Each structure stands twice: as C-alpha cells, then as structure tokens.
Protein chains: 2
Amino acid sequence: MAIKDVSAAFRALSDPIRRDILKKLRKRSMTPSELAIHFPISKPSLSHHLNILKNANLIDDERQGQKIYYSLNATVFYDVMNNFLNNFR
Amino acid sequence: MAIKDVSAAFRALSDPIRRDILKKLRKRSMTPSELAIHFPISKPSLSHHLNILKNANLIDDERQGQKIYYSLNATVFYDVMNNFLNNFR
DNA sequence: TAGATATTTAGATTATCGTCTAAATAATAA
DNA sequence: TTATTATTTAGACGATAATCTAAATATCTA
C-alpha cells in the first residue's frame with residue numbers, strides 16, 4: 001500500500017502522542033490495552049489516535065480473538081518521508 | 001537554529017499549500033506578493049501560512065526595503081526529517 | 001445463554017485552524 | 001507631506017480536532 005494522502009500522514013505525525021505510539025510499535029505489535037498503559041488518555045481517545053494513524057496508513061491492525069494487534073507500517077512510513085525529502089534534494 | 005518543536009514542524013507540513021510554498025522557495029527566495037501569484041488564497045491567508053512555516057523554523061525572512069524575502073531553511077528542514085527517521089531505524 | 005474482557009462508536013464540549021475583509025504598519029517615491 | 005506599494009495584524013466565522021463519558025459491538029469462556 002502506497003501513500004494515499006501526504007497531508008494525512010504529516011497531520012498524523014504532528015501529535016506527540018501519535019509519534020510516541022509509533023515509537024512503541026517500532027519494537028513490537030501491541031494491543032490498545034497494552035498501549036493504554038503508557039498514555040494518560042482515555043481508551044476512546046487512544047482508539048481515536050490509532051484510527052488516525054491507520055487512516056494515514058502508518059499502522060496496520062490484525063484481530064486475534066478479542067484483541068487487536070497494531071503494528072508499524074514501516075514501508076509507508078519510509079515512503080512518506082523519502083518521497084517528500086526527494087522533492088527537496 | 002535547531003529543531004524547536006517537532007510537532008510544529010509536522011503540523012506546518014500537513015497543509016498542502018504550505019508544502020507548495022516550500023517547494024517554490026526551494027528554487028529561490030520569494031516575496032509574499034510573488035508567492036501570492038501561485039496560490040488561490042488572500043494575502044492575509046498567505047501571510048498566515050508564512051508565519052506558521054517561520055514559527056516552525058522551516059523558512060527565514062529578510063526585509064529588503066518594502067519587500068520581505070522568504071527563503072527555505074534547509075538545515076532545519078533536514079534536521080526534522082533525519083532526526084525523526086533515525087528514531088525509526 | 002450469561003458474564004467478562006477488549007475495543008470501538010456516539011455524542012458533547014472546548015480548542016485550534018484556515019479563511020476572509022477591513023484596517024494598520026512600513027518603506028518608498030513624487 | 002501625501003500617495004503608493006508591500007506586508008501584516010485584528011477580528012469574525014465555519015470547519016476540524018482532541019478529549020471525555022456513556023453506550024454499543026465483538027469475542028471468549030463458564
């Protein structure tokens with residue numbers, strides 16, 4: 001999956017909580033409940049942030065029973081950055 | 001000048017007009033009036049966008065008489081991107 | 001089928017954003 | 001000084017965003 005919307009990607013990255021979520025997911029996939037431990041916001045708010053990251057194609061999700069595992073979509077992540085940087089080289 | 005605020009930089013980059021302004025400034029410094037030709041917004045709106053880019057340290061300004069020349073601050077620009085990418089390597 | 005756990009959706013509230021017009025400031029030129 | 005040009009500031013308005021609580025949906029287990 002390629003870059004759908006550069007604006008959405010940058011907007012997603014403009015929030016420190018969302019950048020921290022990506023940093024957590026860099027190490028391993030995590031569920032919303034696992035992530036929630038690290039952030040001082042309600043679960044609906046966390047869900048909202050995850051949705052924004054997902055719509056920007058920066059993360060993927062996969063349900064396993066009751067749990068949903070979110071993971072970093074490194075490909076799109078680099079695509080956004082590199083495509084953008086190439087415009088300025 | 002280093003990165004003051006990563007959030008401000010990404011937020012600045014989340015608007016397509018502001019990204020287009022940066023692309024124009026990649027080639028040469030330009031005044032608000034010169035830039036205005038290329039964008040379908042009022043001059044106060046353009047001024048607002050330039051202010052956001054300036055607060056994010058993505059551009060510099062320099063007055064020459066009546067005119068103010070805006071230029072890309074490539075250093076900060078790359079710093080934001082590279083520092084961020086390094087976090088995900 | 002209930003009950004428990006995991007997550008999202010709905011709806012409200014407050015704050016921020018992008019835009020405009022009108023007015024103000026700054027510099028130059030007649 | 002007065003007029004002209006370049007740009008920003010002020011203030012308003014509608015749209016979007018981040019957050020919360022309460023309720024709904026989905027899955028598993030007894």
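In the text below, chain A, chain B and the rest are named by the order of the sequence lines, each starting its count at 1. Keep in mind the model is a prediction, meaning the values are calculated, not measured.
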Exercise. Any donor-acceptor pair under 3.5 Å linking the side chain of A:Ser14 with the backbone of A:Arg11?
Worked result: yes
Exercise. Out of curiosity, does B:Leu58 fall in the hydrophobic cluster containing B:Phe39 (side-chain heavy atoms, cut-off under 4.5 Å, transitive links)?
Worked result: yes
Exercise. In a check of side chain to side chain contact (heavy atoms under 4.5 Å, CB included) between A:Ile21 and each of A:Ile59, A:Ile52, A:Leu46, which one passes?
Worked result: A:Leu46
Exercise. Tell me: CG of A:Leu35 to C1' of C:dA6, nearest whole Å?
Worked result: 13 Å
For this session: Establish, with yes or no, whether the OP1 or OP2 oxygen of C:dT21 is under 4.0 angstrom from a side-chain nitrogen or oxygen of B:Ser42.
Result: no
Exercise. Which whole-number value in Å describes the distance from B:Ile68 CD1 to C:dT25 P?
Worked result: 15 Å
Exercise. Where is the tightest heavy-atom contact between A:Glu34 and A:Ser29, given as atom of each residue plus distance?
Worked result: OE1-O, 4.2 Å
Exercise. Rounded to whole angstroms, how far apart are CD1 on A:Ile41 and P on C:dT7?
Worked result: 14 Å
Exercise. Would a 4.5 Å heavy-atom cut-off, applied to side chains only, mark B:Asp15 and A:Ser7 as touching?
Worked result: no
For this session: For A:Arg18 and A:Ala12, indicate whether the former's side chain and the latter's backbone hold a donor-acceptor pair under 3.5 Å.
Result: yes
Problem set entry | NZ/NE/NH1/NH2 to OD/OE distance under 4.0 Å, A:Lys54 and A:Asp60 | no
Exercise. Going by number, which of residues 43-51 of chain B have a non-hydrogen atom under 4.0 Å from DNA chain C?
Worked result: B:Pro44, B:Ser45, B:His48, B:His49
For this session: For DNA chain D, note the earliest and the latest nucleotide, 5' to 3', having some atom under 4.0 Å of a heavy atom belonging to chain A.
Result: D:dA17 to D:dC28
Exercise. Can you tell me how far P of C:dT5 sits from CZ of A:Arg63, to the nearest Å?
Worked result: 17 Å
Problem set entry | Closest-nucleotide 5' rank along DNA chain D - winner of A:Gly65 and A:Arg18 | A:Arg18
For this session: Over all heavy atoms of both residues, which pair between B:His49 and B:Ile41 is shortest? Give the atoms and the distance, please.
Result: CD2-CD1, 3.6 Å
Exercise. Should B:Tyr70 and B:Ile17 be regarded as members of a common hydrophobic cluster, given that ILVMFWY residues are connected when their side-chain heavy atoms come within less than 4.5 Å of each other, either directly or indirectly?
Worked result: yes
For this session: Using atom CD of B:Gln64 as one end and atom C1' of C:dA27 as the other, report the distance to the nearest whole Å.
Result: 13 Å
Problem set entry | Angle by which the axis turns from one end of the helix from C:dT1-D:dA30 to C:dA30-D:dT1 to the other, five pairs per end, to 10 degrees | 10°
Problem set entry | Non-hydrogen side-chain atoms of A:Glu62 and A:Ile68 separated by less than 4.5 Å | no
For this session: Assign B:Tyr70 to base, sugar-phosphate, or nothing according to its heavy-atom contacts below 4.0 angstrom with the strands shown.
Result: sugar-phosphate
Problem set entry | Nearest-angstrom distance from the residue atom CE of A:Met30 to C1' of C:dA6 | 15 Å
For this session: Using the rule that two of Ile, Leu, Val, Met, Phe, Trp, Tyr join whenever any of their side-chain heavy atoms come within less than 4.5 Å, decide whether B:Phe10 and A:Val6 are in one cluster.
Result: yes
